[in-house]
Amino acid sequence: MSDLKLPGAPYIGYQNQTLMMENVALCDVATEFGTPLFAYSKAAMLSALEEYKLAFAGRKARIHYAMKANSSLGVLRVFAQSGCGFDIVSGGELARVLAAGGKAEHIIFSGVGKTRSEIREALEAGICCFNVESEPELDVINEVALSAGKVAPISLRVNPNVDAKTHPYISTGLKDNKFGIAHDHALETYKRASTLKGLKIKGIDCHIGSQITEISPYEDAVSRVLDLVDSIEANGIHIDHLDFGGGLGIDYEGETPPKAHALWTQLFKLIDQRGYGERFIFVEPGRSLVGNAGVCLTRIEFLKTGEHKNFCIVDAAMNDVPRPAMYEAFHAIVPLTQEGRSKDTNTTLTYDIVGPVCESGDWLGRDRTLSVGVGDALAILSAGAYCMSMSSNYNSRGRAAEVLIDAEHVQLIRRRETNEDLMRQEV
Ligand code: LLP
């Protein structure tokens with residue numbers, strides 16, 4: 001691969017001016033399967049997972065893939081086959097994990113608004129733990145468990161009130177967030193939970209935010225949570241597992257977050273020092289397992305030049321890759337062949353790369369310098385997490401197809417949604 005290091009390297013990069021994912025030329029995939037198309041590198045996912053596995057070698061620990069990042073069955077199967085547990089947030093996600101071959105007893109159920117029927121389904125499936133986010137939820141889980149003649153394993157999500165130093169929409173560990181139980185109320189809530197007959201206290205959990213690129217917010221969260229465990233256990237309530245959530249960031253535009261291995265080596269020092277090294281450790285990574293493993297391929301429909309702005313209008317849109325519209329997020333966007341296809345008509349210009357959706361917010365990249373022609377294809381990088389899983393049918397656009405790439409093999413894991421698919425549920 002060439003010297004230019006793209007997010008997703010070494011699994012994504014140029015070879016002889018052609019953008020490759022593993023051993024496959026992405027321009028061939030775009031031609032064969034059409035665009036917009038998501039392509040994921042299996043080796044990139046497994047290598048990201050390996051970082052965590054390495055850090056946890058010899059420890060009592062389990063990795064629960066936070067499947068909201070990418071819940072396609074083909075992706076879930078990769079993680080299920082690699083022995084991962086799963087972090088779910090809905091009955092729909094529960095059904096997907098089970099369909100992909102994940103084990104119920106390795107599932108933890110997060111989220112602030114679990115419904116009674118979701119709680120019942122999860123209890124019946126026999127999941128590992130409910131991560132409870134409020135006192136009223138505690139009561140509802142207790143009630144549902146008692147009426148089903150079961151005991152629900154629970155953990156309380158505590159809000160450590162630390163600043164994850166990330167985008168406000170994806171920061172979740174501060175006091176004013178809707179998530180978790182305030183640090184100051186945690187002990188009281190544990191005491192109450194211990195009196196409810198339908199519940200069995202298993203653990204404690206926190207998740208301070210997403211796209212975190214520094215170690216220090218995690219260190220703060222770990223020590224705040226361990227302070228709580230000290231006082232909870234001093235009150236005679238035993239905590240089996242400590243769940244520190246997900247949140248580790250990836251490279252979108254040159255960020256250099258620590259690797260999972262480096263992060264956890266550091267955190268284990270702290271955990272060991274505090275005497276909790278023998279406890280079962282859970283994590284819930286999403287983005288750091290899949291984000292840099294995926295790209296969205298899109299083709300240029302029109303080039304519209306203007307006095308103030310040039311627009312590169314492509315066939316992917318905010319319904320496929322919603323992160324720029326939602327968070328003003330940056331995704332690198334690169335051509336599938338470095339020389340551009342229509343060389344004769346090429347000039348290098350600065351464009352806003354936009355989709356066909358009727359919204360000014362429908363942009364994918366701003367002020368990008370490209371040397372391209374109509375019909376050329378581009379790759380939106382770092383698109384493995386929170387793109388397909390947040391996609392929609394806005395403007396009655398069918399969702400993209402997806403392929404999984406493994407060395408030189410390309411497997412279709414989701415066919416493109418048709419107009420018929422879109423109308424199927426309507427009566
Ligand atoms: N655990 C819990 C309880 C969570 O709420 C989340 C993500 C995760 C784990 C996984 O976090 P990760 O390792 O992926 O950072 N749509 C936003 C991200 C929202 C994250 C929501 N919670 C984005 O595109 O940036």
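Values below: all heavy atoms of this structure, side chains included; hydrogens, waters and symmetry mates excluded. Ligands are counted one by one from 1 in listed order, and the atoms in each one are counted from 1 as well.
Atom numbering of ligand 1 starts at 1 in the shown order; those under 4.0 Å from a heavy atom of Arg157 are 3 (C). Residue contact check: Pro285 has heavy atoms under 4.0 Å from atoms 13 (O) of ligand 1. Residue-ligand proximity, Arg323 to ligand 1, at heavy-atom distances under 4.0 Å covers atoms 23 (C), 24 (O), 25 (O). Within the listing of ligand 1, atoms 8 (C), 9 (C), 10 (C) sit less than 4.0 angstrom from a heavy atom of Ala66. When each atom of ligand 1 is checked for a heavy atom of Gly286 under 4.0 Å away, the hits are 12 (P), 13 (O), 14 (O). Atoms of ligand 1 lying under 4.0 Å from at least one heavy atom of Gly246, given by number and element, are 9 (C), 13 (O).
Heavy-atom separations between Gly247 and ligand 1 include at least one value shorter than 4.0 Å. Heavy atoms of Met326 stay at 4.0 angstrom or farther from ligand 1. Assignment of Ala69 to the shell around ligand 1 is not supported, since no heavy atom sits closer than 4.0 Å.
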Return a table of donor-acceptor pairs under 3.5 angstrom between the side chains of residues 254-267 and protein atoms on other chains or two or more places apart.
{"from": "Glu255", "atom 1": "OE1", "to": "Tyr252", "atom 2": "N", "distance (Å)": "2.7"}
{"from": "Glu255", "atom 1": "OE1", "to": "Glu253", "atom 2": "N", "distance (Å)": "2.6"}
{"from": "Thr265", "atom 1": "OG1", "to": "His261", "atom 2": "O", "distance (Å)": "2.6"}

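Electrostatic pairing of Arg368 and Asp352 does not count as a salt bridge here, judged by no charged N lying under 4.0 Å from a carboxylate O. Taking 4.0 Å as the cut-off between side-chain N and carboxylate O, Arg416 and Asp421 do not count as a salt-bridged pair. Contact check on Glu284 versus Arg157 returns no salt bridge, with no Lys/Arg side-chain nitrogen under 4.0 Å from an Asp/Glu carboxylate oxygen. The pair Asp240-Lys202 counts as a salt bridge, with a side-chain nitrogen and a carboxylate oxygen less than 4.0 angstrom apart.
Checked against a 3.5 angstrom limit, the closest N/O atoms of Arg287 and ligand 1 fall inside it. For ligand 1, one of its N or O atoms has an N or O atom of Glu284 under 3.5 Å away.
Side-chain contact between Ile380 and Thr298 is present, with at least one heavy-atom pair separated by less than 4.5 Å.
Under 4.0 Å from ligand 1, the heavy atoms of Asp87 that appear belong solely to its side chain. Contact annotation for Tyr327 and ligand 1: only side-chain heavy atoms (C-beta onward) come within less than 4.0 Å of the ligand.
Judged by distance alone, the side chains of Asn292 and Ser382 do bring a donor and an acceptor atom under 3.5 Å apart.
Sparse packing is recorded around NZ of Lys304, with 12 or fewer heavy atoms of other residues, nucleotides or ligands lying under 6.0 Å away.
Partners of His106 under the side-chain contact (heavy atoms from CB on, under 4.5 Å) rule, at least two apart in sequence or in another chain, are Arg62, Lys103.
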